[in-house]
There are 2 protein chains.
Amino acid sequence: MKNRITLKDLAKDLNLSPSTISRALGNHPAISDATKKRVQKKADEKGFTPNSIASSFRMKKTRSLGVIVPRIDIHFHSLVISGIEDFAYKNNYNVTIYQSKDALKREQEITKILQTRMVDGIISCLSIETTNCKHFKKFNKLGVPLVFYDRVPTDFDASKIVINDFESSFTATEHLIKSGCKRIGHIAGNQKTNIFKARLEGYKAALKSYDLPVDETLIMQTNSLSYDEGVACAKKYLSLPELPDGLFCANDYTAVSAIQVFRKNEIKIPQQVAIVGFSNYPISRIIEPNLTTVNDRAFHMGEASAKLLIRQIEDNNDIIDSEIITLKTELIIRESSRIG
Amino acid sequence: MKNRITLKDLAKDLNLSPSTISRALGNHPAISDATKKRVQKKADEKGFTPNSIASSFRMKKTRSLGVIVPRIDIHFHSLVISGIEDFAYKNNYNVTIYQSKDALKREQEITKILQTRMVDGIISCLSIETTNCKHFKKFNKLGVPLVFYDRVPTDFDASKIVINDFESSFTATEHLIKSGCKRIGHIAGNQKTNIFKARLEGYKAALKSYDLPVDETLIMQTNSLSYDEGVACAKKYLSLPELPDGLFCANDYTAVSAIQVFRKNEIKIPQQVAIVGFSNYPISRIIEPNLTTVNDRAFHMGEASAKLLIRQIEDNNDIIDSEIITLKTELIIRESSRIG
DNA sequence: CTGAAAGCGCTTACAG
DNA sequence: CTGAAAGCGCTTACAG
């Protein structure tokens, strides 16, 4: 950053004051068109670009959003970030990203950095270790709006963008029931996490509402819904006296691994076991048979987060304390549950 | 951002000057330990956090890196960003990201934004449309270092982090040859892009060096190496009088689609056709049979980019103009090429 | 060991 | 329609 042209330089060249240059470039109505043209021409000629740090400093607005995600390389989060960046870009905001690596300590450190960086607002998905959100409270005092998505705090009021995990799971399970399944299993995520708890509850509620029994031997608990855990769960199903005829998995990885384990054991999908996943990962379209899954709208979640956050930044109307937006999901029906 | 505590506030409280507060918090050697302690205590007590925008403005250093990627939601790029963020975080840099969406126009706009944002350095992978990099030249004049990765400019000197596509492809093809393949096909990427050109060349060179003929009917051209294009290519192979016995694909998507098309046609992988992909996408470990592929070190590419960039930012030594670092790849041998 | 002063490049209320 | 002036919150060369 050397010998940048400043407003002062332009002013000297044009025999005008820096105030006038600033206003001309900002298209201020009080400045004559003739002057605006002269200034713009000189600015282009000299390759002037405003120093937005100086402007941010002066205005106490940085037009940047801080985003804290567990990991950027998880597809769900990269889609969310993509949605955030897209919306932010269109509205002239910048996006600065941080990874908590699912570690509370790192998340806390990042909030300290964000506190000094003067971002105009923050979007975050909590780390898996975070049970207490007090490190986010400081932003309330500083007047920096927060929006959480996916893994959201329960211990304090904040704006949130979520999907209806309960309802989505209800619908997914209902789809299996309506397809004729009577013994439906569930591979469940970590029950310390609200979204996975809701998915289990939605599954149970659907069974109940169709007068099907909730058979605990058909519900498999996992820690992180990893591919390997999915393989282990599928093997457990195989060791049961009777196989389930339907399986709703709390994510796509476990659903894919179940498909593979079952097929290796000559079990026909969906004829013998119909399978539904959750999240619409890219692999769900590639695995054979293609996986029926819940589109969790990751990109839209990012867009919605950015939209809500920017509205909160720009609304001087201090009446709204927090806002919770629930996005619609969509059950994408593919071969893995298309029976007969 | 309201009623933030400033150095001046602390100074007033402690009957010291702002200069002393600044130096005390910056652990300046000239300040007595007693004063440092007093200042630190008061700062903690009042919840002081430095305004880093003011500091950036003053120092003309923002400690932030601008990153331009085609899309964040492409796994390769999200891994690279993850590597960048990780290294940057450890070195107290922030990472601001932009997506070009593979559009030259948007890439140009982003460079204009970055010019005003005063980032200390820029990391970028060129958009697919970019053939002319003159919109990056301004950063040379501004003294803002640039590092390109993966898709890098050929028309001007710049620091680059790349892998050796030629050699990696040579090794991958050689592996097929050594496994006993004699008729090896190649699904090639867009030949306007250097990396895909290099992959094709590496494949051809390996054949030649083992005295195998280069059979153009076994080389399929694609536009974007998409899954669907892979399916189409695989079908073309099936329509040939004789199938290849080995297939080196310029990415994993096309390799996966080839596996699926072949298997649907009762062709045994790897016994009848051995297949090798490129990039080590997550799906390569999941597809059956598991895909042999080239680990392109996306995360390390990000780390290396950030490392090189930060070194260029912090080295006042103006002797180095640009630096090109080639990373080692690794051939991961899995079932899809393990013959016999 | 500490302070007074200048200045980074903008923006804007005030004056004319 | 344009300008002079103040100030955002830091940092640091200079002085003592």
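Order of the sequence lines fixes the chain letters, A, B, ..., with proteins taken first and strands second; residue numbering starts at 1 for each chain. Everything quoted here is computed from the prediction, not taken from an experiment.
Pairing for dA4(D) is absent, judged as Watson-Crick or G-U wobble with the two contacts each under 3.5 Å.
Nucleotides dG16(C) and dT12(C) have their C1' atoms positioned 16 Å apart, rounded to a whole Å.
Listed by first then second residue, pairs satisfying ring pair (Phe, Tyr, Trp, His ring centres under 6.0 Å) with a partner in residues 49-93 of chain B read F57(A)-F57(B), H77(B)-Y149(B), not counting sequence neighbours.
Along DNA chain D, the nucleotide nearest to R58(A) and the one nearest to N51(B) differ in position, and the one closer to the 5' end is contacted by R58(A).
Within a 6.0 Å sphere centred on NZ of K307(B), other residues, nucleotides and ligands contribute 12 heavy atoms or fewer. More than 12 heavy atoms of other residues, nucleotides or ligands shown are found within 6.0 angstrom of NZ on K42(A). A 6.0 Å sphere centred on NZ of K137(B) holds more than 12 heavy atoms belonging to other residues, nucleotides or ligands.
Boundaries of the chain B contact region on DNA chain C are dC1(C) to dG9(C), first to last in 5' to 3' order (nucleotide atom under 4.0 Å from a heavy atom).
Side-chain N/O atoms of T20(A) and S17(A) include a donor and acceptor closer than 3.5 Å. Counting only N and O atoms by type, the side chains of N94(A) and R117(B) include a donor and acceptor under 3.5 Å apart. Checking K138(A) against T111(A) by side-chain atom types alone, a donor-acceptor pair falls below 3.5 Å.
Within residues 12-43 of chain A, the residues approaching DNA chain C are S19(A), S22(A), R23(A), by heavy-atom distance under 4.0 Å.
With salt bridges taken as basic N to acidic carboxylate O contacts below 4.0 Å, one links R106(B) and D86(A).
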